[in-house]
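Everything quoted here is computed from the prediction, not taken from an experiment. Chain A is the first sequence line, chain B the second, and so forth, proteins listed ahead of strands; every chain is numbered from 1.
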Protein chains: 2
Amino acid sequence: MSAAAPSARPRSRARRGQGELLRDEILEATERLLVETGDEAAVSIRAVADAVGVTPPSIYLHFADKSELIFAVCEKHFEEFDRLLQEAAGGSSDPVESLMLRGRAYVRFGIEHPGPYRILFMSKPAAIPDWWTTERLMESASFAHLVENVQACLDAGAFAPGNPLMISASLWAGVHGLTSLLITKQAFPWPDVDGLIDYVLHVLLRGLRAEEGTASTGEGSAAR
Amino acid sequence: MSAAAPSARPRSRARRGQGELLRDEILEATERLLVETGDEAAVSIRAVADAVGVTPPSIYLHFADKSELIFAVCEKHFEEFDRLLQEAAGGSSDPVESLMLRGRAYVRFGIEHPGPYRILFMSKPAAIPDWWTTERLMESASFAHLVENVQACLDAGAFAPGNPLMISASLWAGVHGLTSLLITKQAFPWPDVDGLIDYVLHVLLRGLRAEEGTASTGEGSAAR
DNA sequence: TGTACATCAGTGAACGCGCGTTCACTGATGTAC
DNA sequence: TGTACATCAGTGAACGCGCGTTCACTGATGTAC
């Protein structure tokens with residue numbers, strides 16, 4: 001009977017000086033839609049407004065335009081992403097095992113937040129606005145943490161000597177490839193996902209490992 | 001002066017019985033736009049019609065709807081993709097080297113055809129129409145060829161024993177990850193791309209290699 | 001304690017746009033007689 | 001050899017849609033006097 005009922009509760013107007021409350025509600029709703037649909041194009045200003053229980057122009061009270069809104073959400077996710085990875089990597093004092101933990105956390109983040117993951121790592125370069133230089137910075141931060149971890153492996157003699165940037169890029173390619181395939185090709189007959197994740201990480205780390213006997217402090221596998 | 005001039009030559013109407021000619025021109029134009037923009041959403045029926053020098057309804061003389069058109073183009077690319085990889089892999093009789101060649105060809109295809117690559121391997125599952133079961137078949141064919149190649153490595157004792165599906169999925173993840181990052185993050189300060197491709201492939205293959213001494217016919221690296 | 005007023009959160013209606021798709025049509029081409 | 005006609009390739013105009021964004025506005029809230 002009721003025409004065009006908003007999907008959320010009616011939402012009462014904020015009190016004087018409390019206008020910022022709406023901003024958070026908008027961010028939350030956008031994030032929710034982004035996770036649900038996994039596609040920036042599917043998240044419209046109108047859909048967000050409807051989800052919050054407000055009219056479209058209200059969005060512009062808090063965000064200059066659509067991309068500012070989208071990237072505000074992504075920024076939050078990027079921060080969380082880096083934080084999760086650092087936290088996971090801190091779970092071991094062995095740098096190689098840290099990489100393993102970091103890799104697992106990476107893939108898990110992607111699987112659990114396919115919407116933001118798509119935008120952060122799979123969207124077209126042109127879709128990223130100019131002012132989003134933060135992206136570069138954040139990415140660098142997140143990537144820099146990986147490089148540090150790799151450097152620690154090299155310093156410990158656990159990895160064969162090599163260019164840490166090259167090694168880091170390779171690891172990134174590996175986990176990103178797995179993550180994005182799992183997100184995109186859900187119908188593919190994947191073997192056990194957790195097993196696959198660990199297998200891919202093991203192959204990569206094994207491929208980077210120092211030759212036996214050459215390492216200064218290498219853990220090596222058995223005497224022979 | 002002329003209003004709304006079509007971007008292509010005026011194109012003269014086909015003769016009786018030659019209507020199919022337009023079909024090919026449409027496919028070509030779609031492919032061209034897809035490669036240029038790299039985004040399915042950016043390729044509109046109207047843009048294709050304009051590129052061909054024809055009005056939008058003409059498209060429907062040859063394709064039931066937009067997705068049929070898009071996937072007709074992708075199907076062509078998928079065939080070419082598999083063909084290129086098989087051709088590349090045939091460049092060596094050593095199965096491990098075949099994998100290397102296959103991997104290089106994979107990444108090169110992605111870099112050279114980012115539009116089709118995005119649609120084939122990076123688009124949302126929901127964006128793929130139901131009738132596109134071919135996709136699964138083709139994908140299986142292409143993937144099956146990889147599995148065969150991996151099995152040959154196992155049979156030759158060049159790889160440590162393992163599940164060929166798991167190994168194949170890992171290799172796919174590696175090359176896909178590299179390809180999609182190179183496509184998506186063009187602004188990232190990548191090290192030398194060709195070097196990076198080879199490095200990633202080497203790391204993966206090294207990680208899969210049989211332990212020295214365990215292999216029956218392994219090539220091994222030097223005596224010690 | 002009461003009232004005028006500035007402020008602020010949010011609305012309602014509309015804009016112009018490009019999209020996929022439909023439908024009745026046109027006019028050149030070939031064929032039957 | 002000439003003409004009526006069916007066929008076929010393509011057109012022109014319009015449909016309804018959802019989109020981002022703008023603009024003049026409303027009405028509740030707090031504050032100054």
**Request:** Could you let me know what dT22(D) is paired to, Watson-Crick or G-U wobble, both distances under 3.5 Å, or none if it's on its own?
**Result:**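 Partner of dT22(D): dA13(C).
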
**Request:** Scan every strand shown for a Watson-Crick or G-U wobble partner of dA4(C), both distances under 3.5 Å, and answer none if you come up empty.
**Result:**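 Per the H-bond distance test, dT31(D).
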
**Asked** Is the backbone N or O of Thr55(A) less than 3.5 Å from a side-chain atom of Ser58(A), with the two atoms forming a donor-acceptor pair by type?
**Response**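 Here the side-chain-to-backbone pair exists.
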
**Shortest non-hydrogen contact from Val35(B) toward Pro114(B)** =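 Looking at all heavy atoms of both residues, the closest pair is O-CG, 4.5 Å.
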
Specify the separation, in whole Å, of atom [atom1] of [X] and atom [atom2] of [N].
{"X": "Leu22(B)", "N": "dA9(D)", "atom1": "CG", "atom2": "P", "answer": "9 Å"}
{"X": "Tyr60(B)", "N": "dT22(C)", "atom1": "OH", "atom2": "P", "answer": "7 Å"}
{"X": "His62(B)", "N": "dC8(D)", "atom1": "NE2", "atom2": "P", "answer": "13 Å"}
{"X": "Glu25(A)", "N": "dG10(C)", "atom1": "CD", "atom2": "C1'", "answer": "13 Å"}
{"X": "Leu61(A)", "N": "dA9(C)", "atom1": "CG", "atom2": "P", "answer": "7 Å"}
{"X": "Lys66(B)", "N": "dG18(C)", "atom1": "NZ", "atom2": "P", "answer": "15 Å"}
{"X": "Ile59(B)", "N": "dT22(C)", "atom1": "CD1", "atom2": "C1'", "answer": "15 Å"}
{"X": "Asp50(B)", "N": "dG20(C)", "atom1": "CG", "atom2": "P", "answer": "13 Å"}

**Message:** Are Leu99(A) and Leu208(A) packed together at the side-chain level, in the sense that at least one heavy-atom pair is separated by less than 4.5 angstrom?
**Reply:**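 Side-chain contact under 4.5 Å: no.
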
**Item:** Tyr117(A) side chain reached by Ile111(A) side chain, heavy atoms, under 4.5 Å
**Value:**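 With C-beta onward as the side chain, the pair stays apart.
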
**Asked** So which one's nearest nucleotide on DNA chain D is more toward 5', Arg46(B) or Ala14(B)?
**Response**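 Comparing both residues, the 5'-ward one is Ala14(B).
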
**Request:** By nearest nucleotide on DNA chain D, pick out whichever of Pro56(A) and Arg13(A) is the more 5' one.
**Result:**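 This one resolves to Pro56(A).
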
**Request:** Name the closest nucleotide to the Arg16(A) side chain, picking from dC8(C), dT21(D), dG10(D).
**Result:**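 Closest nucleotide to the Arg16(A) side chain: dC8(C).
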
**Prompt:** With respect to the side chain of Arg15(B), which nucleotide from dA9(C), dG30(C), dT11(C) is positioned closest?
**Reply:**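 The closest nucleotide is dG30(C).
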
**Prompt:** Between Phe121(B) and Phe81(B), does the ring centroid distance fall short of 6.0 Å?
**Reply:**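 Yes, the ring centres sit under 6.0 Å apart.
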
**Message:** Heavy-atom nearest nucleotide on DNA chain C for Val43(B) versus Pro57(A): which residue maps closer to 5'?
**Reply:**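 That would be Pro57(A).
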
**Prompt:** Counting just side-chain N and O atoms, does Ser58(B) come under 4.0 Å of either OP1 or OP2 of dG10(D)?
**Reply:**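 No, no such contact exists.
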
**Request:** Name the nucleic acid region contacted by Ser44(A), choosing base, sugar-phosphate or nothing; use a 4.0 angstrom heavy-atom cut-off, strictly under.
**Result:**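 Sugar-phosphate only.
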
